[in-house]
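Heads up: the structure comes next, in C-alpha cells.
Worth saying up front: this structure is predicted, and the values here are computed from it rather than measured. Each chain gets a letter, A, B and so on, in the order its sequence line appears, and its residues count up from 1.
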Amino acid sequence: MTLRLHTVLAALAAVALALPLAAQDTTARGVRIGLTYQPGTRPGVVVLPVNGANGDSIRMILQRDLDFGDRVEIVGREGSTVADVARQQGGTMNYPLWRALGALAIVQATATASGVRVAVHDVAATGILNARDFTLPTPGLSAGWRMALHGVSDEIERWITGTRGAAQTRVAFVRGGRIHIVDSDGYGERAVSEQGTALSPAWHPSGRWIAYSAFGPRGTQIIVRDLQSGGTRVASPRNGLNITPEFSPDGSLLVWGFGEESGTDLVAAPYPGGGDPRRITVGRGSDNVSPSFSPDGRRLAFTSSRAGHPEIYTADVDGANVELLTTYLAGDQSYRSNPAWSPDGRVVAFQSQVAGRFQIMTISLRDRGMKQLTSEGINEDPAWAPDGRHLVFTSSRTGTKQLFVLDAETGRARQLTRAGGARLAAWSRVLDRTP
Amino acid sequence: MNHRMTRTLLVVAVVAVASACPRNTPPPVTPSPTVNQDSIDAAERARREAADRAAAARQDSINRANAAREDSLRRAREAVEGVRSALTAPIYFDYDSDALGEAARSALDQKLAILQSNTGVRLRIAGHADERGSDEYNLALGQRRAASAKRYLTQRGIPEAQIEIISFGEERPAASGTDESAYAQNRRDEFEITAGGDALRSPAGT
C-alpha cells in the first residue's frame with residue numbers, strides 16, 4: 001500500500017511539473033460566485049468516497065450529475081486512486097496534492113441521518129468554498145430520494161461554476177404510443193399514459209402536469225394529466241385536430257394547434273381555467289403547429305407552411321408581428337420545423353433537412369447565424385434543458401429512434417433512452433418541489 | 001229430461017241389435033277374378049316412369065330457378081363489392097402536398113357518383129403522411145389531405161354531414177420501408193364507410 005501510494009505521488013509530482021496550473025484567473029473583478037478558473041477550461045473536480053448509508057450510490061450519482069453537466073471535468077472518475085489518496089490523507093486535505101492531480105474543487109459528502117452533508121473545497125484557496133446539510137426523503141434510493149440528490153448535485157455545480165445544474169429534472173417522451181417520463185440521468189423510466197396513440201408531451205412549469213395529444217374516435221384531443229393523482233382531463237373543447245400543446249412559462253396559458261377543414265392554426269386557452277380557445281395565427285389554410293414560448297412568455301416560435309413548405313416563424317402571443325425566422329429558400333423541398341426557444345432567449349433550436357435528413361440546428365435571434373449541431377443519422381425534435389446548454393432530441397444513429405442529450409457548447413452527446421423507439425422529448429423545469 | 005233418457009235407451013238398443021247381427025249371418029263368398037300379372041307390371045312401370053320424369057322436370061326447374069337466383073345474388077353482391085371498393089379506394093398525394101392529382105380526382109369522381117346514389121352512406125376520410133417529415137407537422141398535413149378530398153366532394157353537392165375527416169399523420173403507415181415506393185403508398189387518404197354500408201346501390205346509369 002505504501003509502495004503504491006509512493007508511485008502515485010511520484011506520478012502526480014511529474015504531472016504537476018509538466019502542466020501549467022489552470023487555476024490562475026487574473027481577470028476576476030469584484031465578487032464572483034464559484035471558483036476562479038481560466039475561461040474556456042473546465043475546472044477539475046474530485047468527488048471523494050462517501051461514508052455512511054448508500055455512500056457508493058451517493059458518490060456515483062453526484063459524480064455522474066457533475067459529469068453530465070459538462071461544466072466541470074471529473075478527476076479520478078474510477079475512484080481507486082482518489083480513494084487511496086483520500087485514505088492516506090485522513091481528515092486533513094492535502095491541497096497541493098489534489099492540485100497536482102488536476103482538481104480545483106473537492107466534493108466531500110457524508111451520509112447523515114436526515115440526508116447528506118456536503119462540503120466543497122476550493123483547492124486554490126486551500127479552504128472550504130461552501131458547505132451545507134441537505135435533507136433527503138426516505139427511503140434511500142427511492143425515486144424521490146434520487147431526485148432530491150440530483151438537486152444536491154445541481155447546487156454543488158452552482159457553488160463551483162456559478163450556474164445551477166439541470167440534473168434535478170425529468171424528460172417526457174413518446175414510446176409505443178404512450179407518454180413516458182425518465183430522470184435526467186436515464187433512471188426511473190415509466191409510462192404515465194394508457195395504451196393508445198399519444199404524442200407531443202409538454203411539461204407544465206410546475207412539473208405537476210403534462211399535456212399531450214391523443215388519438216380518439218372523433219379526432220385528436222389535448223389531454224392534461226396530473227402526475228400526482230394520475231387523473232386526466234380533456235383540454236381541447238372542440239372535435240377535430242388538436243395537437244402539439246405547450247404551456248406558457250408562467251403556466252397560465254395552454255397553446256396548441258387546432259385544425260378542422262382549412263388548415264391548422266395555433267390557439268390559446270387560459271390554464272387551468274379552460275374556456276373558449278382564441279385563435280393566435282391566421283394561417284389561411286396552412287399548417288401552424290409546434291409552438292415554443294420565448295422565456296419572457298411574450299413571443300412564440302412555431303412551424304408554419306404559410307409560404308409553401310414548413311419554416312420557423314415567430315409572433316407575439318396574440319398573433320401580431322409575425323416574422324420569418326429561418327431562411328426561405330424558394331424551390332427548396334427541404335424544410336425546417338419543431339422550434340425550441342432556448343431558456344436564455346438567445347437562440348431557437350429546430351430541425352432542418354440537410355441532404356434529405358433532419359439535423360438539429362440553432363439560429364441566433366440577434367444575427368440569424370445558424371449552427372448545425374448534429375450530423376450522425378437522422379436527428380429531430382429538439383428540446384432544451386433548463387440550463388440552456390443541453391438539448392434532448394430524437395436520433396436514429398443507433399438504428400432505432402432513441403433520445404440523446406447534447407451539450408450545445410462542447411458537442412458532447414450521451415444516450416438517454418435505450419429500450420425500443422423513443423421520440424418527441426420535452427424537458428421539465430427544475431423539479432425541486434416535486435417528489 | 002224424460003225425452004232425453006228415452007232417446008238414449010233407443011240408441012243403445014239399436015246398437016245392440018246391429019252388433020248382434022254378424023254372428024248369425026255366414027260371410028258372403030266372393031269369386032276371385034282372373035289376373036294378368038304382366039299388364040299390371042307394365043302399367044306400374046309406366047306410372048313410375050311418368051312420375052320420375054315429372055319429378056326430374058320439377059327438380060330441373062327448381063335447380064334452374066336456384067341457379068338464376070344465386071347468379072343474380074352473386075351479381076348483386078359483386079356489384080355492391082365493386083361499389084364498396086370504389087368508394088373506399090385510397091387516393092395518393094405528392095410529398096408535402098394536399099393537391100389532388102388527376103388520378104385522385106378521377107377516383108373522387110367515382111366516389112361522388114356513388115355517394116349521390118347512396119345518401120344514407122356516411123364516410124370517414126383519414127389523411128396520412130409518409131415518415132420523412134416532422135411527426136408533428138405531418139398530423140396537420142394529413143388533416144389537410146383529408147380536408148382536400150372532403151372539399152372536392154362537398155363542393156359537388158355532397159352534404160357536409162355525410163363526410164367526417166381525421167388525420168393519422170405518419171403514425172399508421174400502409175407500407176413499411178424507407179424507399180420512395182413505400183413513401184408513395186403512405187401519402188394517402190383512406191375512406192371508411194361508417195354507416196349505411198349494408199345496402200349500397202350502384203350509381204345511376206351504370
Side-chain angles (χ1 to χ4, degrees), chain A residues 174 177 196-200 213 215-220 239-245 256-266 283 285-291 302-305 308-311 333-339 350-353 356-358 378 380-381 394 396 401 423-424, chain B residues 93-100 122-155 158-173 176-180 183 187 189-190 192 194-195:
Chain A
V174 175
T197 304
L199 296 165
S200 309
S213 69
F215 284 5
R218 307 199 62 80
T220 300
N239 286 336
L241 184 73
N242 294 279
I243 56 171
T244 64
W256 72 93
F258 172 63
E260 286 177 297
E261 293 176 11
S262 52
T264 300
D265 274 306
L266 294 180
S286 65
D287 300 327
N288 298 271
V289 298
S290 307
F302 57 97
T303 307
S304 176
S305 65
H309 64 242
E311 293 287 348
Q333 222 189 29
S334 75
Y335 68 61
R336 283 146 283 280
S337 65
N338 297 63
F350 59 97
Q351 64 189 55
S352 177
Q353 279 179 329
R357 297 176 144 209
F358 280 119
I378 298 169
E380 304 169 83
D381 312 319
T394 309
S396 70
K401 286 187 174 182
R423 60 189 170 129
L424 295 167
Chain B
F93 295 87
D94 285 344
Y95 176 72
D96 190 24
S97 169
D98 65 350
L100 300 169
R122 294 284 176 276
L123 206 56
R124 188 177 80 164
I125 308 177
H128 297 262
D130 72 34
E131 65 170 31
R132 282 176 298 172
S134 145
D135 299 8
E136 294 184 339
Y137 174 82
N138 275 343
L139 287 164
L141 175 59
Q143 185 83 2
R144 243 189 314 126
R145 284 175 174 162
S148 179
K150 176 175 179 178
R151 200 156 46 240
Y152 187 90
L153 297 169
T154 54
Q155 280 172 353
I158 302 303
E160 289 275 337
Q162 212 172 335
I163 303 170
E164 60 172 326
I165 61 169
I166 196 167
S167 170
F168 292 117
E170 62 176 81
E171 304 302 321
R172 297 185 184 175
S176 58
T178 54
D179 53 6
E180 176 48 34
Y183 296 151
R187 295 189 300 264
D189 276 347
E190 288 189 353
E192 184 191 346
T194 55

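- Ring-centre distance between A/Phe350 and A/Phe358: not below the 6.0 Å cut-off.
- Heavy atoms of B/Ile165 lying under 4.5 Å from chain A belong exclusively to its side chain.
- Taking chain B as the reference chain and counting heavy-atom pairs below 4.5 Å, the highest number among A/Gly356, A/Ser286, A/Ser305, A/Gly285 is found for A/Ser305.
- Using cut-offs of 30° and 60° on the angle between ring planes, the pair B/His128 and B/Phe168 is tilted.
- Top candidate by heavy-atom pairs under 4.5 Å with chain B, chosen from A/Glu260, A/Glu380, A/Arg218, is A/Glu260.
- Checked for salt-bridge contact, B/Asp130 and B/Arg187 meet the test: a charged N lies under 4.0 Å from a carboxylate O.
- Residue A/Glu261 touches chain B through both its backbone and its side chain, counting heavy-atom pairs closer than 4.5 Å.
- By the 4.0 Å N-to-carboxylate-O rule, A/Arg336 lies close enough to A/Glu311 to be salt-bridged with it.
- Interface residue A/Arg423: only side-chain heavy atoms are found under 4.5 Å from chain B.
- For a residue to count as touching a neighbouring chain, one of its non-hydrogen atoms must lie under 4.5 Å from one of that chain's; by this rule A/Ser200 touches chain B with backbone and side chain alike.
- Using a 4.5 Å heavy-atom threshold, the side chains of A/Ile243 and A/Leu199 count as separate.
- Within the 4.5 angstrom heavy-atom criterion, no atom of A/Ile378 approaches chain B.
- The parts of A/Ser290 that come within reach of chain B are both its backbone and its side chain, each placing non-hydrogen atoms under 4.5 angstrom from that chain.
- Side-chain polar atoms of B/Glu136 and A/Thr244 form no donor-acceptor pair below 3.5 angstrom.
- Side-chain atoms of A/Lys401 and A/Asp381, non-hydrogen and from C-beta on, never get closer than 4.5 Å to each other.
- Considering only heavy-atom pairs separated by less than 4.5 Å from chain A, the leading option among B/Ser148, B/Ser167, B/Ala140, B/Ala147 is B/Ala140.
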